[in-house]
Amino acid sequence: MASFGIMTPPQNVSYTDLLRVWRESDSIAEIEHAWLFDHLMPIGGDLDGPIFEGWTMLSARAAQTERMRLGIMVTSNRIRPPAILAKIATTVDAVSNGRLDFGIGAGSRPSVPMARREYDGSGLPYSNAAEAVARLGESLTVIRRLWTEDEPFDFHGTHVDLVGAFQNPKPVQRPGPPIVIGGRAAGVLRLVAAHADTWNIPGGDLDDALDRARLLDRFCAEIGRDPATITRSVALGVSFEEPEKTRNDIGDAVAAGFDHVVLILPGPYPDGIAHRVTEEFIRPSGNS
């Protein structure tokens with residue numbers, strides 16, 4: 001049976017609207033997980049409109065919900081140093097009492113050019129794709145070590161350099177929150193094979209997703225990992241104007257093996273949207 005969740009991009013919406021949707025979703029058993037995204041400026045709608053920082057908002061949502069698993073789909077590894085990110089994630093795992101799924105990726109895709117401006121506008125470096133993937137690999141190694149090691153350690157990588165790295169407390173979940181890596185590039189898929197519990201890919205082109213899934217299977221075989229140990233996740237936009245298309249997209253993705261489904265809710269969020277998405281899309285897909 002597929003697992004269904006929602007994503008509420010925290011852009012061009014109010015704090016109270018986000019709180020209302022998450023509390024409503026937390027009361028619906030079919031909605032098993034909920035997600036925010038990680039951008040500092042809007043990437044859709046009013047590009048000068050309001051947007052909230054993802055991890056700060058996630059901590060608030062963790063404190064105001066009780067049941068759903070939750071996370072960022074996915075964190076940009078370009079924005080925060082990995083040791084700081086590990087500490088933030090541990091804090092959210094504690095606030096949520098062990099409900100965090102740790103979503104991370106290399107950073108904004110070149111296919112989303114409006115996302116680039118948030119790095120320039122925030123004084124953040126925007127490295128090329130190869131460097132971003134290499135940095136992500138080192139970050140994943142460091143974050144896992146910070147979550148698990150009981151003694152300080154040094155790490156001298158090409159992109160990450162730490163001396164006397166150590167964190168206490170450790171996450172509630174041991175050896176740490178499940179790692180969700182998002183992306184489709186070959187370099188990212190190699191990191192999925194090595195590090196991830198779940199792999200997420202944006203929906204819209206199922207043939208491409210299946211091609212990427214076959215590549216992931218190959219990378220798993222190369223390192224001796226059973227690809228079945230990696231949950232396949234897809235993020236799909238919801239259209240209330242074309243509900244049959246959305247239902248077909250969900251059905252096709254689940255039939256293809258993507259049984260962790262994240263439904264991206266269109267803003268603004270009217271009253272009852274979580275119940276509506278459950279009635280129109282989740283229950284007809286067999287998760288009832």
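Because the structure is predicted, anything quoted here is derived from the model rather than measured.
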Tell me if a side-chain donor or acceptor on Asp93 pairs with a main-chain N or O of Val172 at a distance below 3.5 Å.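 Yes; at least one donor-acceptor contact below 3.5 Å.
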
Using a distance-only test with no angle check, is there a side-chain donor-acceptor pair under 3.5 angstrom linking Arg99 and Thr65?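 Their side chains do contain a donor-acceptor pair, which is all the 3.5 Å distance test asks for.
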
Any luck finding a side-chain donor-acceptor pair between Ser14 and Asp17 under 3.5 Å?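 On atom types as modelled, these side chains qualify, holding a pair under 3.5 Å.
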
Using residues 210-217 as the side-chain source, report each donor-acceptor pair under 3.5 Å to any protein atom, sequence neighbours left out, with the distance given to one decimal.
residue : atom : partner : partner atom : Å
Arg212  : NH1  : Arg184  : O            : 3.0
Asp217  : OD1  : Arg232  : NH2          : 2.7

Just checking, Arg145 and Phe153: is the charged tip under 6.0 Å from the six-membered ring centre and within 45° of the axis?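 Geometry flag: set, cation within 6.0 Å and 45°.
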
For the residue pair Arg69 and Phe102, would you count it as a cation-pi contact if the rule is NZ or CZ under 6.0 angstrom from the ring centre and within 45 degrees of the ring axis?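 So Arg69 doesn't make the cation-pi contact.
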
May I ask you to test the Phe52-Leu36 pair for a side-chain heavy-atom distance under 4.5 Å?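 The answer is no, as the side chains (C-beta and beyond) never meet within the 4.5 Å cut-off.
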
Are the side chains of Arg247 and Glu244 in contact, using a 4.5 Å heavy-atom criterion?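 Yes - at least one pair of side-chain heavy atoms lies under 4.5 Å apart.
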
How are the rings of Phe240 and Phe281 set to each other: parallel, tilted or perpendicular (split at 30° and 60°)?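 Rings of Phe240 and Phe281: tilted, as their planes differ by 30° to 60°.
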
Residues forming a side chain to side chain donor-acceptor pair (under 3.5 Å) with Trp35, sequence neighbours excluded: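 Partners of Trp35 under the side chain to side chain donor-acceptor pair (under 3.5 Å) test: His33.
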
Using a 6.0 Å cut-off, check whether atom CG of Asn97 has over 12 heavy atoms from anything other than its own residue.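 Counting other residues, nucleotides and ligands, CG of Asn97 stays at 12 neighbours or fewer.
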
Please say whether more than 12 non-hydrogen atoms of neighbouring residues, nucleotides or ligands are located less than 6.0 Å from CD in Gln64.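 Counting other residues, nucleotides and ligands, CD of Gln64 exceeds 12 neighbours.
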
